[in-house]
Amino acid sequence: MRPTLFLLLAVLLFSCGKKTGRKTVESEHASRIKLAAYNVEYSKNASAAEIGEALKGYNFDVVCFSEAPGGDWTKEVGSVMGLNHIVVGKYSTAGHEDKYKTIASRTSLFNPEEVLMADTLHTATRVKTKINDIEFTIYAVHFPFGWRDQAHIDETTNKVQTFVDYLKERQNKELAVVAGDFNFIPINKDSINAYHKMFMDINLDVHWKELGIDCTKRNTYNALVPEDEGNGEVIDHIMYNPLKMKVLDGDIIEMEKPLSDHKPVWALLEVK
């Protein structure tokens with residue numbers, strides 16, 4: 001009987017050890033979120049299923065889409081990736097057809113809100129989710145681009161400032177991640193971008209900086225024009241608060257056959 005008793009005890013100890021080890025591994029990843037942003041150009045060049053298949057292997061927790069079609073498009077693309085919780089923004093960007101900000105998530109989404117950037121033509125789609133009891137506030141954005149004349153530039157600046165002011169009021173209360181098409185090139189050694197600086201002033205910054213990626217040698221727009229490769233047009237970003245989170249990994253997703261005029265971007269963030 002004694003050898004049998006020792007054998008059972010050894011098996012029990014081994015089993016407990018395995019469980020303890022698994023909990024340790026889980027706890028190491030409990031404070032992470034893997035998130036992507038993708039302007040899909042109203043699914044003009046690829047179906048929801050094709051876009052979902054292209055992103056599926058990355059195992060994202062959350063994907064923020066801009067210029068997404070309305071209806072069931074986000075539900076369809078999300079189902080391919082295993083992201084079955086979705087929110088579709090209330091207003092299409094600039095009043096155009098099928099240019100919504102939408103969010104697909106692996107975890108439940110709650111408290112959706114459409115944040116006006118001065119008017120309904122430009123908004124941020126805001127939602128909350130919990131990953132291992134850590135609450136994140138996700139903003140899917142598609143910013144305007146001022147170019148026609150000074151009045152148009154001033155209007156754009158006012159909209160960006162309105163949104164930044166909204167975020168500023170909430171920085172002490174939420175763990176915010178802002179992702180999407182910002183339509184501006186971030187600050188680099190050769191230029192200062194006023195819009196980027198607005199975010200830096202409230203302790204939000206692009207994930208490229210911590211990753212050490214030189215945006216002047218890359219591009220997220222225009223993916224469909226080979227001559228534009230590396231033109232510095234990195235205008236899609238993921239922003240976070242470096243005082244609260246750190247970036248472990250991330251990049252621009254380079255596709256052999258682009259599925260949109262933009263490239264997807266992603267980041268793996270960890271709460272400090």
Flag, side chain of [X] to backbone of [Y], donor-acceptor distance under 3.5 Å:
X: Thr156; Y: Gly146; value: yes
X: Ser47; Y: Glu50; value: yes
X: Asp228; Y: Asn231; value: no
X: Asn219; Y: Gly230; value: yes
X: His152; Y: Trp147; value: yes
X: Glu41; Y: Asp261; value: yes
X: Ser105; Y: Ser108; value: no
X: Thr93; Y: Lys99; value: yes
X: Lys272; Y: Pro242; value: yes

Take Gln161 and Tyr195 through the test side-chain hydrogen bond (donor to acceptor under 3.5 Å, both in side chains) and record every step on the way to the result.
-> CA-CA 8 Å; Gln161 187 65 66; Tyr195 300 151; over 6 Å; no
Mind checking whether [X] and [Y] have side chains closer than 4.5 Å, heavy atoms only?
X: Lys168; Y: Phe163; answer: no
X: Lys197; Y: Ile187; answer: yes
X: Trp266; Y: Asp251; answer: yes
X: Leu55; Y: Ile253; answer: yes
X: His262; Y: Asn222; answer: no
X: Gln171; Y: Leu204; answer: yes
X: Val178; Y: Ile238; answer: no
X: Lys263; Y: Met255; answer: no

With distance as the sole criterion, is a donor-acceptor pair present between the side chains of Glu97 and Ser92 under 3.5 Å?
-> no
Side-chain donor-acceptor pair under 3.5 Å between His122 and Lys159, yes or no?
-> yes
Connected via hydrophobic side-chain network under 4.5 Å: [X] and [Y]:
X: Phe199; Y: Val247; answer: yes
X: Leu269; Y: Val63; answer: no
X: Leu268; Y: Leu175; answer: no
X: Ile86; Y: Met81; answer: no

Looking only at heavy atoms, which two atoms of [X] and [Y] are closest? And how far apart?
X: Leu116; Y: Thr120; value: CD2-CG2, 4.0 Å
X: Ala124; Y: Val141; value: CB-CG1, 3.9 Å
X: Ala37; Y: Gly180; value: CB-N, 3.5 Å
X: Thr74; Y: Ala68; value: OG1-CB, 4.5 Å
X: Pro69; Y: Val40; value: CD-CG2, 4.4 Å

Hey, can you tell me if [X] and [Y] have their rings parallel, tilted or perpendicular (30° and 60° cut-offs)?
X: Phe65; Y: Tyr38; result: tilted
X: Phe184; Y: Phe143; result: tilted
X: His237; Y: Trp208; result: perpendicular

Does the pair Tyr100 and Ser66 meet the rule for a side-chain hydrogen bond (donor to acceptor under 3.5 Å, both in side chains), with working shown?
-> CA-CA 6 Å; Tyr100 293 93; Ser66 50; over 6 Å; no
Do the charged groups of Arg126 and Glu113 touch, with an N to O distance under 4.0 Å?
->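 Glu113 and Arg126: salt-bridged.
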Pick out which of Glu229, Glu254, Glu233 makes a side-chain hydrogen bond (donor to acceptor under 3.5 Å, both in side chains) with Arg218.
->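 Between Arg218 and the candidates, side-chain hydrogen bond (donor to acceptor under 3.5 Å, both in side chains) is satisfied uniquely by Glu254.
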Option among Val127, Asp61, Val271, Thr107 that satisfies the side-chain contact (heavy atoms from CB on, under 4.5 Å) test with Phe136 = Val271
So is Lys34 actually on top of Phe60's ring, under 6.0 Å and inside 45° of the axis?
-> yes
Apply side-chain hydrogen bond (donor to acceptor under 3.5 Å, both in side chains) to the pair Thr129 and Glu135, showing each step before the final yes or no.
-> CA-CA 6 Å; Thr129 192; Glu135 184 176 284; over 6 Å; no
Reported CG-to-CG distance for the pair Asn241 and Asn172, which is rounded to 0.5 angstrom =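 CG of Asn172 is found 9.5 Å from CG of Asn241.
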Going through the distances and angles, do Glu174 and Tyr139 end up as a side-chain hydrogen bond (donor to acceptor under 3.5 Å, both in side chains)?
-> CA-CA 12 Å; Glu174 66 182 26; Tyr139 294 87; 2.6 Å; yes
